[in-house]
Amino acid sequence: MKQISAKKLLLPSSSTGSISILEERKQQVYLKGNDTFEISCEKKSVAGSVSQRACVFCGSRVVLYPIADALHLIHGPIGCASYTWDIRGALSSGPELHRMSFSTDLSETDVIYGGEKKLEKALVELIETYSPKAAFVYCTCIVGIIGDDVEAVCRNVALKSGIPVLPVHSEGFKGTKKDGYKAACDALFKLIDLGYRRSSFHYPDILRDGKQKIPLSINILGEFNIGGETWIIREYYKRMGVEVVSVMTGDGRVEYVQSAHRACLNVVQCSGALTYLAKTMEAAYGIPYIRVSYFGIEDTADALYDVASFFTEAQEIMERTKHLVQEEVEELLPGLEEMKQDLTGKRAAIYVGGAFKAFSLIKALRHLGMEVVLVGSQTGNREDYELLKEMCRPGTVILDDANPLELAKYVIEKDAHIFIGGVKERPIAYKLGIGFCDHNHERKIPLAGFEGMLNFAREVHDTVTSPVWDLVPRKAGRSSSIQIPVKGEKP
Amino acid sequence: MKQISAKKLLLPSSSTGSISILEERKQQVYLKGNDTFEISCEKKSVAGSVSQRACVFCGSRVVLYPIADALHLIHGPIGCASYTWDIRGALSSGPELHRMSFSTDLSETDVIYGGEKKLEKALVELIETYSPKAAFVYCTCIVGIIGDDVEAVCRNVALKSGIPVLPVHSEGFKGTKKDGYKAACDALFKLIDLGYRRSSFHYPDILRDGKQKIPLSINILGEFNIGGETWIIREYYKRMGVEVVSVMTGDGRVEYVQSAHRACLNVVQCSGALTYLAKTMEAAYGIPYIRVSYFGIEDTADALYDVASFFTEAQEIMERTKHLVQEEVEELLPGLEEMKQDLTGKRAAIYVGGAFKAFSLIKALRHLGMEVVLVGSQTGNREDYELLKEMCRPGTVILDDANPLELAKYVIEKDAHIFIGGVKERPIAYKLGIGFCDHNHERKIPLAGFEGMLNFAREVHDTVTSPVWDLVPRKAGRSSSIQIPVKGEKP
Amino acid sequence: MRENRPYTATRNACKMCTPLGAALAFHGIEGTIPLLHGSQGCSTYMRRYLISHFKEPVDIASSNFSEETAIFGGGANLKTAIQNIARQYNPEMIGIATTCLSETIGDDVDMIIESMGDIMKETALVHVSTPSYSGTHVDGFHHAVRAVVDQYNPSGVKNRKNSRARKKINLFPGMLSNEDLRHLKAIFKDINTELALLPDYSERLEGPSWMEYQSIQHGGTPIKEIQKMHRATGSIEFGTILAASVERGNGSAGSLLESRFNIPLASMGIPIGVKATDRFFSLLEKMTLKMIPKKYKEQRGRLIDAYVDGNKYVSKKRAIVYGEEDFVAAMAGFLAEIGIIPVLCASGGKSGLFIESLRSILPENIFKQVSIHQGMDFTDMEEHARTLMPDLAIGNSKGYTMTRHLDIPLVRVGFPIHDRVGGFRTLHIGYKGAQQLFDTIVNTLLQKRQDASEVGYSYM
Amino acid sequence: MRENRPYTATRNACKMCTPLGAALAFHGIEGTIPLLHGSQGCSTYMRRYLISHFKEPVDIASSNFSEETAIFGGGANLKTAIQNIARQYNPEMIGIATTCLSETIGDDVDMIIESMGDIMKETALVHVSTPSYSGTHVDGFHHAVRAVVDQYNPSGVKNRKNSRARKKINLFPGMLSNEDLRHLKAIFKDINTELALLPDYSERLEGPSWMEYQSIQHGGTPIKEIQKMHRATGSIEFGTILAASVERGNGSAGSLLESRFNIPLASMGIPIGVKATDRFFSLLEKMTLKMIPKKYKEQRGRLIDAYVDGNKYVSKKRAIVYGEEDFVAAMAGFLAEIGIIPVLCASGGKSGLFIESLRSILPENIFKQVSIHQGMDFTDMEEHARTLMPDLAIGNSKGYTMTRHLDIPLVRVGFPIHDRVGGFRTLHIGYKGAQQLFDTIVNTLLQKRQDASEVGYSYM
């Protein structure tokens with residue numbers, strides 16, 4: 001058994017003192033208040049590390065996944081499709097084509113002789129069967145090697161089928177998950193621009209000129225309708241009097257994506273993923289964008305106020321917004337207050353995909369009286385880490401692209417009560433007898449908006465106050481010996 | 001381990017040769033073709049035997065159970081109510097009050113000071129809550145001893161509540177299950193006679209004179225709607241053009257029971273249970289009765305023809321009946337024929353409550369190509385056994401009120417493939433590795449009528465052809481040693 | 001006592017009558033036939049009830065009262081019955097339990113038995129008084145166990161305990177499942193300690209198929225083991241209510257051995273869950289001075305890891321728990337340990353000790369959220385449960401109707417299980433039992449969520 | 001071959017890719033870290049997939065290909081990766097599995113490894129070729145096992161078998177559950193015979209909670225045991241398809257030991273059900289000359305009695321069975337034994353040996369009622385199942401969507417179980433495994449009937 005003693009892990013004055021951190025990783029760990037040098041993020045993961053990061057394909061897949069009336073065909077051997085089948089809680093109010101896992105399932109012969117024909121045949125058959133409104137073809141590692149001309153196949157099938165067929169250049173090795181976001185944004189932009197150029201799109205109940213702006217309208221970018229979050233947020237904007245043209249890509253539909261160019265403002269939620277698209281749309285159609293978060297009370301309120309402020313031409317929007325926020329917060333507070341009683345002073349560790357999410361989590365946890373003792377992200381940039389540094393109290397550990405060893409080392413050291421991260425972090429937290437909250441895309445419960453905050457608080461509360469932690473060896477102070485006195489025992 | 005060797009059990013020329021049969025029981029076993037003396041039935045079970053018979057209470061309970069809008073209150077300690085809660089598959093098309101288990105749950109104090117007050121209070125409360133159309137109060141053993149005046153309490157509550165409240169004199173020790181049937185018939189007759197004397201009953205869609213006969217009408221007696229059998233049979237009569245006034249007691253309602261005196265004919269199905277009521281009604285209202293069985297093709301057809309023949313005034317009934325029987329049988333035969341392939345020559349053992357049911361079973365099994373090697377009943381009379389004797393081939397064992405030892409002895413000896421009996425016989429059959437078919441009232445599948453025959457055949461077929469019998473020690477020829485050769489095993 | 005039963009009548013009872021428990025206990029003794037002194041129906045009904053749970057032959061004889069018997073006394077019938085059973089089964093023991101009928105007419109069963117002393121040389125006759133109007137099946141069970149221990153360990157017998165002897169433990173488990181009993185035997189085998197487990201119906205009521213008919217099935221506690229109980233190192237008795245009842249002066253098998261022979265008695269709740277099982281093993285360590293085998297430590301380790309992995313699926317969930325008082329108390333303790341609130345703890349039993357037992361088992365913050373009802377029937381329970389927003393129910397099959405009305409899932413445990421197979425094989429106790437209970441409860445909740453979801457993800 | 005897939009694309013695959021199987025197998029070896037030579041996503045996805053089943057940390061390292069790596073070859077990355085793993089984990093072995101990417105660009109992994117021989121003194125490097133476009137996770141699993149056995153038992157090594165030595169058996173179980181593996185170890189312990197079980201992830205992927213972080217969890221087949229495999233009395237390999245594949249000239253760990261060291265190899269299907277388990281015990285008796293302990297005979301007796309008790313609930317019921325080919329074949333054999341017709345046997349695997357395997361396992365009258373499909377995905381399966389009137393489905397969690405559409409219950413067995421807890425604890429094999437499967441299947445059918453009934457009796 002390889003064990004790293006918790007005591008040995010006690011941080012020296014510099015967080016890099018422990019032998020267990022790879023030399024190359026030293027600059028990706030920062031201990032607020034102790035270290036003076038800067039965190040080194042946006043590096044590729046080190047070969048041989050067991051990173052929590054995924055690949056380019058993963059990035060593209062998560063962004064485009066919720067478009068429910070599109071066909072998503074993964075071009076490659078079966079693995080990439082198998083491991084991503086129906087794993088995300090992105091809900092649809094209508095079609096559910098996104099929940100199917102389609103793959104060209106390349107075999108040895110295909111690899112030798114090329115997969116273009118198989119791809120074309122697969123596409124044609126699937127489009128015929130499922131009548132999607134568009135098709136995305138995800139290129140996986142091997143496609144980049146065997147050199148299939150996916151662009152050509154897509155063009156071909158688009159001509160035949162009359163629907164947009166868009167290649168997504170998501171070969172796993174061609175960068176990081178962020179590059180996958182970019183590839184997805186490219187595909188999305190192509191789709192939007194097709195709509196823009198065609199101008200034949202009929203937006204329901206509004207002027208028929210396809211290129212004309214829709215007044216008081218926005219797109220929501222980087223919101224994936226996990227557990228119905230899109231619906232919650234849409235409802236807020238509706239109550240404010242703001243028209244949501246398109247959500248990318250929560251409860252997404254090709255038709256609405258294609259009309260995104262008609263919105264007045266892009267509201268970008270997921271820090272890493274969709275900013276690139278917002279910038280592209282700004283350049284192409286002059287649509288400005290703002291970055292927001294819908295997680296936590298403050299951030300949600302800010303997100304709504306920011307949008308309201310944008311529409312200076314309609315003062316009533318701000319009035320409605322104020323009313324909405326007040327109403328929602330009042331409903332929320334008693335419940336939160338009750339849970340805060342149990343949670344005050346409890347310690348949390350955060351490790352999430354994007355740094356922006358980390359900001360919101362820190363604020364939300366503080367709202368519950370909790371202390372953040374560790375925070376890290378897979379894809380934060382320098383700017384993000386600067387902000388994190390500012391937000392955190394001295395003694396907080398800040399990590400970029402951490403591996404399980406590091407995560408475990410610091411959560412033990414910081415004696416966290418709960419770990420907030422993605423599904424891959426769960427077993428680490430649990431093995432160490434620490435509560436866990438999934439703040440990633442596989443959860444099924446909405447955590448966005450005001451009601452999401454209540455769900456989040458409830459989940460944190462449920463797990464932090466569970467009695468099972470009393471039994472874990474780390475807490476019970478014994479490995480597996482049994483020394484509980486016998487109650488009611490006679491002589 | 002007490003084991004009685006199967007070989008030792010091989011019958012000598014007289015079936016009473018085996019030591020395992022209690023001296024007192026000798027005359028209740030008969031081996032067709034070997035013995036010359038008569039079977040001695042209708043005896044009380046011997047003290048110390050583990051009889052399959054139940055008590056007076058049980059007899060009353062099964063007869064009255066299906067009256068779904070009546071309150072059934074069991075007056076006694078909790079056991080009698082606990083063990084009879086919702087155990088019978090008697091369906092109701094409406095109210096389901098019969099499925100509740102009500103008990104006065106007598107305690108020590110009640111036994112000492114008498115249970116009358118508790119009974120009255122319980123009755124009043126329950127009638128108030130559930131608004132039953134009548135109430136039956138079942139007297140259990142202890143009531144007979146402590147001397148509660150149940151009649152008086154019932155009279156009292158009936159006056160207060162305005163509904164018939166009928167004591168059922170079913171003290172367990174006061175006879176056999178048959179006496180329980182009689183007690184139930186007494187209660188039923190009281191109910192009918194109340195209706196007759198009140199004459200205020202409004203029969204739907206027919207003349208309002210409560211005493212007038214309803215033309216071309218019958219009562220069905222001794223049909224308990226197990227798995228919906230009443231509905232099957234009712235449908236037949238409807239197609240024949242015969243009006244069913246009351247079924248006693250399948251899918252029973254107090255209102256219909258009370259109008260039973262207006263029927264032209266009583267059709268009695270369960271041999272033991274309801275004949276007494278039919279005779280009583282004949283004496284009181286001059287309603288003739290016939291005995292029928294709805295089990296098996298021949299008996300069902302006969303039952304319908306017998307009723308049709310009764311109504312000589314309406315020749316069209318017979319025509320319709322012939323048509324019905326032909327239609328049903330034609331639909332049935334192909335399915336039966338298919339199963340007969342597998343069942344021909346297979347051996348069956350029968351042990352049921354009433355002998356009449358045994359007759360039907362013998363015929364039905366023969367229809368499937370099967371051989372009956374044992375037949376017995378709990379409550380058959382001399383006449384019944386005479387008939388059984390006639391029906392059976394030489395070598396068939398005929399038993400009255402058998403105990404598990406006897407049943408086991410003979411089914412092993414006769415190497416039966418299937419045992420048909422009640423739930424208490426099941427484990428005996430199963431322990432010996434013999435298939436089993438529940439032909440008692442706890443089953444949930446209708447076995448009556450033509451479609452019931454198909455269900456019966458299917459159930460017999462399913463179990464007789466199950467592969468598990470190959471594995472039982474008695475068949476595999478070894479107790480529990482493992483000697484199956486390894487297939488595909490190398491060197 | 002939080003008990004406000006509005007009804008005089010019992011509506012769908014959550015209990016059975018006293019002789020049933022005695023008949024079951026007698027089935028756990030080798031070569032024993034239970035005989036009910038009363039009407040034929042009692043034995044037929046109870047056989048049927050037990051058969052539906054165990055799916056095994058259950059022979060219970062009856063003295064078959066007739067009207068004349070009731071008038072002139074049951075002595076003659078009882079004698080005939082005993083003789084007939086002896087002739088037909090040749091049992092080592094006949095366990096005679098009285099019914100309400102024979103109790104009420106006042107048969108002096110002990111005298112009748114005594115009068116048969118001469119003719120019944122090979123068959124012991126043990127009598128237990130079980131009037132069904134007094135107590136429940138649980139009382140019948142414990143009383144029968146005590147009666148047997150009493151008879152085979154009379155005051156006069158010499159207590160040949162010697163220091164050289166191997167450690168030997170008497171264990172009175174109460175009404176556990178066959179698998180529970182097997183698990184207990186396996187534990188003692190693993191710690192290489194002799195065990196007298198009484199009763200033990202695990203083999204008799206779950207045996208293999210037969211080559212030939214067996215009038216009395218294999219298995220059960222051997223009578224010679226019962227006869228040696230007064231020479232044991234110590235006794236263990238499961239059941240907090242039983243223990244409290246003993247403290248109030250009611251006897252139990254263990255307390256009888258303690259008072260008569262000074263055999264130390266340790267009482268504890270049924271070991272359901274980690275903490276209760278820890279207590280059991282700790283007790284075993286003390287009594288036997290043997291270490292807990294690695295196997296059980298590993299089971300414990302995996303179990304706690306499973307608790308952690310599943311903590312969120314159960315935390316703050318609300319359960320109805322019902323059945324025998326001791327079973328409910330132990331189960332409630334387990335639920336509290338995994339984070340489920342046993343919002344309603346109900347039993348048809350009426351020991352008067354239920355609330356105190358639960359108070360001693362549950363942490364204060366849980367205890368105050370629990371509605372506790374003794375002497376409750378299923379109809380009351382259902383009505384009460386409607387106000388409690390339960391997520392699931394945990395108990396025997398008899399709660400099915402209630403849970404169907406409440407539209408919540410039922411986790412079937414305890415006795416009786418009449419609508420599923422293998423209920424008698426359910427393991428409740430020990431780390432492994434807790435593991436299975438935990439997995440079943442979590443998966444039941446997951447299934448409910450998954451099936452109720454419009455989407456129905458195949459990933460959690 | 002009954003295979004008429006109308007679709008070029010695979011729609012909801014019933015298989016995983018090759019390296020996943022290798023990574024799982026490597027987890028069953030003590031002190032081993034799997035390393036995927038390819039993109040970072042592969043290892044992350046597979047870890048996630050395995051974690052969702054085992055609810056345990058699953059570390060799989062990656063050589064993290066970049067665009068440059070793909071162009072200039074992965075040698076440098078692989079070396080760095082190996083060195084980093086060695087430094088961070090100090091493993092006894094690194095199990096290197098190639099992905100489609102590194103396979104396609106043609107990295108000569110063996111050469112790269114060889115070139116590291118000098119610097120990797122304490123860590124063994126084992127390479128298995130697992131291009132994901134060839135075969136399924138099952139192939140990856142078997143290939144990894146073979147590669148490990150191959151490397152640790154080279155041709156030159158001396159076969160020091162001597163007659164005095166204790167009997168020792170190599171057992172290659174294939175992809176079984178943790179509980180299955182524990183059961184196998186318990187059986188060998190009970191017959192007091194040494195066992196080399198490869199792989200054995202039962203402890204590593206189901207361990208207790210930790211006091212401190214463990215970079216490599218406890219457990220797994222010790223490498224020194226693997227090194228001694230060529231001195232065993234014999235080998236057993238589970239899997240009829242695996243055996244048939246060996247017969248066709250494909251190697252397996254067992255066949256390698258047989259041809260290289262003349263260790264007798266016995267192949268048989270996974271021992272699911274009475275008959276298959278009988279075969280296994282009979283084989284053990286022959287190989288070890290030891291008697292089967294009473295415990296197992298008792299389990300067998302109870303099991304058959306349970307089959308009898310439940311025969312009517314399962315007879316002629318119609319089941320869809322899917323998953324790995326060998327698993328489906330064994331499960332179909334079990335179903336046929338209890339009277340259920342496996343109307344559809346489907347697998348994403350495509351060995352070409354599936355039909356023959358099923359023909360050898362199933363009785364003719366059952367075989368002719370079975371629709372058998374290799375290379376099938378869940379969408380085809382669902383469409384096909386609609387015509388077959390199934391009563392239930394038996395397989396991993398991935399069939400949930402299908403069974404939801406078909407409105408039939410799913411009995412979750414095999415791998416992966418992503419929507420329930422404790423799937424890795426399911427016991428499939430042996431008499432006890434069959435008992436649990438049988439009870440679960442019967443109760444699933446009973447629940448379906450009871451819940452669907454308008455009446456919902458609480459008695460069967």
Side-chain angles (χ1 to χ4, degrees), chain A residues 1-6 20 22 44-51 53-55 57-58 73 77-79 81-83 85-86 100-108 111 118 121-122 125-126 141-142 144-146 172-174 404-405 408-409 412 423-424 427-428 431-433 472-474 479-480, chain D residues 7-13 15-17 20 35 38-49 51-52 55-57 59-67 69-70 77 80-85 87-90 99-101 104-105 132-134 208-216 218 401:
Chain A
M1 176 169 41
K2 315 276 164 197
Q3 279 200 348
I4 298 165
S5 150
S20 73
L22 293 179
K44 274 252 340 147
S45 293
V46 178
S49 72
V50 178
S51 165
R53 277 181 179 165
C55 61
F57 165 69
C58 178
L73 174 61
I78 198 63
S82 266
Y83 309 132
W85 175 24
D86 200 27
M100 293 284 285
S101 162
F102 297 116
S103 168
T104 50
D105 194 359
L106 295 181
S107 69
E108 196 141 17
V111 172
K118 192 172 193 181
K121 197 149 173 271
E125 285 169 4
L126 293 172
C141 289
I142 206 167
I145 304 298
I146 61 175
F173 60 93
K174 289 190 174 172
L405 266 76
K409 169 178 152 50
I412 291 182
V423 75
K424 293 183 298 294
I428 301 169
K431 284 316 275 189
L432 298 168
V472 301
R474 212 169 59 84
S479 58
S480 62
Chain D
Y7 279 82
T8 304
T10 295
R11 302 174 299 164
N12 298 345
K15 62 177 175 181
M16 294 128 247
C17 74
L20 181 135
L35 164 61
S39 293
Q40 194 170 40
C42 305
S43 80
T44 303
Y45 275 132
M46 289 178 216
R47 286 178 59 215
R48 198 200 146 287
Y49 204 82
I51 287 171
S52 286
K55 331 281 183 207
E56 288 282 313
D59 281 9
I60 302 173
S62 169
S63 62
N64 292 359
F65 264 56
S66 67
E67 201 150 6
T69 327
N77 266 49
T80 316
I82 290 170
Q83 285 172 307
N84 276 335
I85 294 167
R87 226 188 322 151
Q88 213 174 5
Y89 290 90
N90 192 23
T99 66
C100 49
L101 177 55
T104 310
I105 65 167
S132 18
Y133 43 75
S134 168
S209 303
W210 301 337
M211 290 289 274
E212 302 171 314
Y213 188 74
Q214 299 175 14
S215 59
I216 303 180
H218 237 324
T401 309

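Remember, it's a predicted structure, so these values are computed and weren't measured experimentally. Letters go in sequence order (proteins before strands), and every chain restarts at 1.
Rounding to the nearest 0.5 Å gives a distance of 9.0 Å between CG of L432(A) and CD of Q214(D). A distance of 7.0 Å separates CZ of F102(A) from CG of N12(D), quoted to the nearest 0.5 Å. Once rounded to the nearest 0.5 Å, the distance linking OH of Y83(A) with CG of L20(D) reads 4.0 Å. Rounding to the nearest 0.5 Å gives a distance of 9.0 Å between CD1 of I412(A) and OH of Y213(D). To the nearest 0.5 Å, the span separating CZ on F173(A) from OG1 on T99(D) amounts to 10.0 Å. Between the OG atom of S82(A) and the OH atom of Y45(D) there is a distance of 12.0 Å, given to the nearest 0.5 Å.
Ranked by heavy-atom pairs under 4.5 Å with chain D, the list C58(A), G433(A), S101(A), A81(A) is led by S101(A). The candidate from S107(A), G144(A), G79(A) with the greatest count of non-hydrogen atom pairs under 4.5 Å with chain D is S107(A). Counting heavy-atom pairs closer than 4.5 Å to chain A, the top residue among I82(D), T69(D), I60(D) is I60(D).
Using a 4.5 Å heavy-atom threshold, the side chains of P77(A) and C17(D) count as separate.
In terms of heavy atoms, E125(A) sits closest to A9(D) at OE1-N, 4.2 Å. Of all heavy-atom pairs between P427(A) and E56(D), the closest is CB-C, 3.4 Å. Closest non-hydrogen pair, A47(A) versus N84(D), comes out as O-ND2, 2.9 Å. Taking all atoms of both residues into account, the shortest heavy-atom contact from G172(A) to S39(D) is C-OG, 3.6 Å. Taking every heavy atom of both residues into account, I428(A) and P57(D) meet most closely at N-CG, 4.5 Å. Between R11(D) and L126(A), the shortest heavy-atom contact is CD-CD2, 3.8 Å.
Formation of a donor-acceptor pair under 3.5 Å by the K431(A) side chain with backbone atoms of P208(D) is found in this model. At distances below 3.5 Å, not a single donor-acceptor pair connects side-chain atoms of T80(D) with backbone N or O atoms of G48(A).
Of the candidates D105(A), L106(A), T104(A), T10(D) forms a side-chain contact (heavy atoms from CB on, under 4.5 Å) with just one, namely D105(A).
There is no contact between S43(D) and chain A, counting heavy-atom distances below 4.5 Å.
With sequence neighbours excluded, no residue satisfies salt bridge (charged side-chain N to carboxylate O under 4.0 Å, His left out) with K55(D).
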